[in-house]
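Quick notes on the structure that follows.
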Amino acid sequence: MEDNLIIYGRNAVLETLRANRPVNALFVANDVKATKGLGEHIAAAKKAGVIIKAVTPGKLDELSDGNRHGGIVAALSAVEYATVEDILGCLDESGSSTRVRGILIADGIEDPHNLGALIRTAEAAGFCGVIIPKRRSAAVTSAVYAASAGAAAHMKIARVTNLTDAIKTLKDNGVWVYGAESDGVAYTEVDFSGSRGVALVIGSEGQGLSRLVRENCDVIVSVPMFGEINSLNASVCGGVLMFSIIQGDWRSKKA
């Protein structure tokens, strides 16, 4: 749990309000021109009983630490992380919901923009949850919320002390774990399946999968390269593989 999280950007703030996250206050620009298009945000805040404060653009710049805010900022009381067990529970409910039986594991993604982009894709693909480590990884910060376009507000995100132990827990509960590396089997040749669900591990931008994490994956997969560049950004690689995974026969009714 992290206190005093500031959410900025129109999409991120709106999705946070829609997800019924604990918002302490909503700050909007006191300039009519700057607040154009914020009617849905303000209505959602009023419905949730959130305090709305009109402030100067300078104050919004200060709250958002100089980042682009679109005339609106939300202050959250806390970020509450889920547990691995919470995510496993979501797998069991996925057949009758909009979620598919997928889990994203981010192994040492330190760039908040990459982590946010991965969370955004996982949410768009209907995955049940995201698991990140406490060490050598970005936490769920304001920058991650903004990069996820608010998707982080809708996802179960577990932050664990030991990623390898979390992977073992998933495997003990019938989840197959697929790690992404350049020397793996081409994803087009892989039958993504698992008796209870599927987890995809995306490694860090520079080092890839850590040794113990790789050793505990069931299958190592890759995205074939056909150009002169031999690697993809972590979030792009994750996007390709996540949307390939949800094509499997094990997917949920909606998928």
Side-chain angles (χ1 to χ4, degrees), residues 1-28 37-53 60 63-65 67-91 93-94 97-100 102-106 109 111-132 134 137-160 202 235 238-239 242 252 254:
M1 179 179 294
E2 296 185 0
D3 297 327
N4 303 318
L5 183 68
I6 297 297
I7 307 300
Y8 50 82
R10 295 192 174 197
N11 287 338
V13 171
L14 182 58
E15 295 305 327
T16 299
L17 291 166
R18 284 175 172 170
N20 296 317
R21 290 299 174 109
V23 178
N24 281 342
L26 189 71
F27 300 89
V28 297
L38 295 178
E40 190 175 0
H41 302 69
I42 294 171
K46 287 181 177 178
K47 183 178 179 180
V50 175
I51 297 172
I52 302 173
K53 300 181 179 180
L60 291 176
L63 288 169
S64 64
D65 199 23
N67 290 287
R68 294 179 62 181
H69 48 70
I72 190 166
V73 167
L76 273 65
S77 57
V79 172
E80 295 184 3
Y81 289 102
T83 65
V84 173
E85 288 70 25
D86 291 333
I87 295 175
L88 283 169
C90 177
L91 294 181
E93 299 169 359
S94 62
S97 73
T98 59
R99 294 290 169 189
V100 300
I103 300 169
L104 171 68
I105 301 174
I109 302 294
D111 183 341
H113 297 93
N114 269 342
L115 180 58
L118 281 166
I119 292 171
R120 180 177 185 175
T121 303
E123 204 287 324
F127 273 36
C128 276
V130 177
I131 300 175
I132 62 175
K134 289 184 178 179
S137 172
V140 178
T141 62
S142 302
V144 169
Y145 255 83
S148 77
H154 296 283
M155 288 296 292
K156 293 182 184 297
I157 303 174
R159 193 176 184 215
V160 300
I202 300 295
S235 62
M242 278 186 270
S252 74
K254 178 176 180 179

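We number each residue from 1, following the sequence as shown. Since the structure is predicted, the reported quantities are computational estimates derived from the model, not experimental observations.
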For [X] and [Y], which heavy atoms make the closest approach, and how far apart are they?
| X | Y | value |
| --- | --- | --- |
| Ala122 | Met155 | CB-CE, 4.2 Å |
| Tyr8 | Val73 | CB-CG2, 4.1 Å |
| Val144 | Ala139 | CG2-O, 3.3 Å |
| Pro112 | Ala147 | O-CB, 4.0 Å |
| Ala45 | Leu26 | CB-CD2, 3.6 Å |
| Cys128 | Cys90 | SG-SG, 2.7 Å |

**Message:** One pair to check against side chain to side chain contact (heavy atoms under 4.5 Å, CB included): Ile132 and Ile109. What are the steps and the verdict?
**Reply:** CA-CA 8 Å; Ile132 62 175; Ile109 302 294; over 6 Å; no

Once you round to the nearest 0.5 Å, how far does [atom1] of [X] lie from [atom2] of [Y]?
| X | Y | atom1 | atom2 | value |
| --- | --- | --- | --- | --- |
| His41 | Thr16 | NE2 | OG1 | 9.5 Å |
| Leu118 | Phe127 | CG | CZ | 10.5 Å |
| Ile103 | Leu91 | CD1 | CG | 4.5 Å |
| Thr141 | Ile7 | OG1 | CD1 | 8.5 Å |
| Leu88 | Lys156 | CG | NZ | 11.5 Å |
| Glu80 | Leu5 | CD | CG | 12.0 Å |

**Message:** So Tyr145 and Arg21, do their side chains get closer than 4.5 Å, heavy atoms only?
**Reply:**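 Result yes, sub-4.5 Å side-chain heavy-atom pair found.
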
**Asked** More than 12 heavy atoms of other residues, nucleotides or ligands under 6.0 Å from CG of Asp86: is that the case?
**Response** yes

**Prompt:** In this structure, are over 12 heavy atoms from other groups packed under 6.0 Å from Ile51 atom CD1?
**Reply:** no

**Asked** Charged N to carboxylate O below 4.0 Å: is that the case for Arg120 and Glu123?
**Response**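 Here Arg120 does not pair with Glu123 in a salt bridge, since their nearest N and O are not under 4.0 Å apart.
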
**Item:** Short N-O contact, Arg10 and Glu40, less than 4.0 angstrom
**Value:**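 A salt bridge is absent here (no side-chain N lies under 4.0 Å from a carboxylate O).
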
